[in-house]
Amino acid sequence: MKPDAAPSLSGTGDGDSLGLSLRQRIVVFLATTLLRLWGASLRVDRAEIARLDRVQAEGRPFVLAFWHEKYVPLFLFSRNRGAVIVASRSPRGRVIAGIAQSYGNRALLTQGDGHHEGLGRLVGTLSRDGGFAAIAVDGPLGPRRKAKSGALRIAAGLGTFALPVSFEARPALRLSRRWDHMEIPLPFSRVKVHVAERPISPAGTGNEAIRAAQAELTQALNALDSEEACAETARQP
């Protein structure tokens with residue numbers, strides 16, 4: 001089986017370097033405004049965020065791993081943490097990157113093109129500047145809730161780990177017609193942040209070690225979610 005392609009760096013920095021069109025800039029502005037109003041209404045349980053704070057305080061770069069369906073709350077969770085938000089080099093991905101920058105984070109546009117230059121540049125960025133890369137490990141287009149290799153190859157390249165994180169909201173809107181079944185907390189809902197107690201550290205950079213870490217990461221992320229969410233995952237074909 002051919003391993004998943006490593007992500008390659010396409011753009012970083014401000015809106016100009018992201019190549020945003022005028023229309024995309026307007027979408028970023030409107031989305032950011034709505035996100036801030038929406039975020040101000042949420043009641044967030046931050047008890048487990050202390051785990052992330054402790055990891056960041058160590059000063060080591062790492063990968064924050066989450067399911068694609070959870071990326072909307074991530075903008076609030078990672079605000080002004082200096083995260084590197086990884087998005088695909090597509091019109092939608094560029095908008096996500098623009099929103100990430102408006103929340104005080106860095107953004108990297110990637111594509112799975114089979115080359116390792118981008119992986120090396122991303123590893124170099126984290127090694128030089130610190131912080132963490134936030135990656136939807138089943139993105140950009142699935143299969144849903146099956147961790148791909150890219151985030152773990154980045155962690156292995158850094159000699160570090162992936163830290164699983166998830167969010168649970170009540171009440172929430174579930175977009176079941178999307179491939180990822182995106183979960184969007186409704187205004188004034190309660191949002192609980194889940195951070196794994198134990199990070200996932202690949203045993204090496206070889207394909208066998210990465211595949212083993214993929215299975216471990218998939219299990220760890222699913223374990224963070226409620227029984228209801230796990231049951232829904234089990235029912236999918």
Side-chain angles (χ1 to χ4, degrees), residues 4 7 42-86 100 105 122-123 126 130-139 142-170 172 180-183 185 190-205 209-234 236:
D4 297 328
L42 301 179
R43 294 165 290 175
V44 182
D45 181 345
R46 301 177 178 272
E48 294 186 25
I49 293 182
R51 294 175 186 163
L52 175 61
D53 293 336
R54 288 194 295 270
V55 171
Q56 281 197 276
E58 295 175 0
R60 293 178 60 192
F62 63 97
V63 174
L64 194 74
F66 59 97
W67 292 137
H68 195 274
E69 68 198 69
K70 305 286 187 177
Y71 79 74
V72 173
L74 178 71
F75 292 117
L76 305 180
F77 172 72
S78 62
R79 187 173 185 179
N80 294 326
R81 285 184 175 268
V84 179
I85 306 297
V86 180
N105 295 306
L122 179 53
V123 168
L126 292 172
F132 61 88
I135 300 177
V137 295
D138 57 344
R144 180 176 181 250
R145 288 188 172 235
K146 294 186 183 298
K148 296 182 180 179
S149 67
L152 293 161
R153 292 186 186 279
I154 291 168
L158 288 165
T160 187
F161 54 84
L163 183 65
V165 64
S166 189
F167 312 90
E168 189 171 359
R170 293 292 182 273
D180 59 355
H181 294 195
M182 179 182 288
E183 181 180 348
R190 293 184 180 274
V191 179
K192 184 174 179 59
V193 180
H194 297 291
V195 181
E197 295 183 6
R198 187 177 66 85
I200 307 300
S201 301
T205 58
I210 295 298
R211 281 195 292 269
Q214 284 177 253
E216 190 177 1
L217 180 57
T218 296
Q219 183 177 11
L221 279 168
N222 285 333
L224 292 178
D225 286 339
S226 66
E227 294 182 2
E228 178 183 353
C230 291
E232 180 188 2
T233 301
Q236 68 181 8

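The first residue in the sequence is number 1, and the count goes up from there.
With K192 contributing its side chain and S166 its backbone, the two residues share no donor-acceptor pair below 3.5 Å. Between the side chain of K146 and the backbone N or O of T218 there is no donor-acceptor pair closer than 3.5 Å. A donor-acceptor pair is defined here as one N or O able to donate and one able to accept, closer than 3.5 Å; such a pair exists between the side chain of T160 and the backbone of P61.
Contact of the R211 side chain with the Q214 side chain is registered, since non-hydrogen atoms from C-beta on lie closer than 4.5 Å. Within the 4.5 Å cutoff, the side chain of L122 has heavy atoms near those of the V84 side chain. Contact of the D138 side chain with the H68 side chain is registered, since non-hydrogen atoms from C-beta on lie closer than 4.5 Å. Contact of the R81 side chain with the L64 side chain is not registered, since no non-hydrogen atoms from C-beta on lie closer than 4.5 Å. Contact check for I49 versus F77: side-chain heavy atoms found under the 4.5 Å cut-off. Using a 4.5 Å cut-off on side-chain heavy atoms (C-beta onward), V55 and F161 make contact. Considering only heavy atoms from C-beta on, F62 comes within 4.5 Å of L52 through its side chain.
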- Begin with the C-alpha distance, continue with both residues' side-chain angles, and end with the deciding distance and a verdict on side-chain contact (heavy atoms from CB on, under 4.5 Å) for Y71 and M182. CA-CA 8 Å; Y71 79 74; M182 179 182 288; 3.4 Å; yes
- Query: Yes or no on side-chain contact (heavy atoms from CB on, under 4.5 Å) for K70 and D225, after CA distance, side-chain angles and deciding distance?
  - Reply: CA-CA 11 Å; K70 305 286 187 177; D225 286 339; 3.9 Å; yes
- Just do the side-chain contact (heavy atoms from CB on, under 4.5 Å) check on V191 and L76 with the steps written out, would you? CA-CA 11 Å; V191 179; L76 305 180; over 6 Å; no
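The CH2 atom of W67 sits 10.0 Å away from atom CG of L224, with the distance rounded to the nearest 0.5 Å. With values rounded to the nearest 0.5 angstrom, F75 atom CZ is found 9.0 Å from N105 atom CG. To the nearest 0.5 Å, atoms CD (E69) and NE2 (H181) are separated by 8.5 Å. In this structure, the separation between CG on L126 and CZ on R60 is 12.5 Å, given to the nearest 0.5 Å. To the nearest 0.5 Å, atoms CZ (R51) and CZ (R198) are separated by 12.5 Å.
Between L217 and the options P202, P199, P164, a side-chain contact (heavy atoms from CB on, under 4.5 Å) holds for only P164.
Counting all heavy atoms, side chain and backbone alike, L221 lies closest to F66 at CD2-CA, 4.0 Å. Closest approach of E48 and H194 over heavy atoms only: OE1-CA, 3.2 Å. Among all heavy-atom pairs drawn from A151 and V137, the shortest one is CB-CG1, 3.7 Å. A220 and I200 make their closest contact through CB-CD1, 4.1 Å (heavy atoms, listed as atom of the first residue, atom of the second, distance). Listed here is the closest heavy atom pair of A162 and L152: CB-CD2, 4.2 Å. Contact record, V123 with G157: CG1-O, 3.8 Å, taken as the closest heavy-atom pair.
Taking P73 as the reference, F167, P185 meet the side chain to side chain contact (heavy atoms under 4.5 Å, CB included) condition, with sequence neighbours excluded.
Counting non-hydrogen atoms of neighbouring residues, nucleotides and ligands closer than 6.0 angstrom, the CZ atom of R190 reaches no more than 12 such neighbours.
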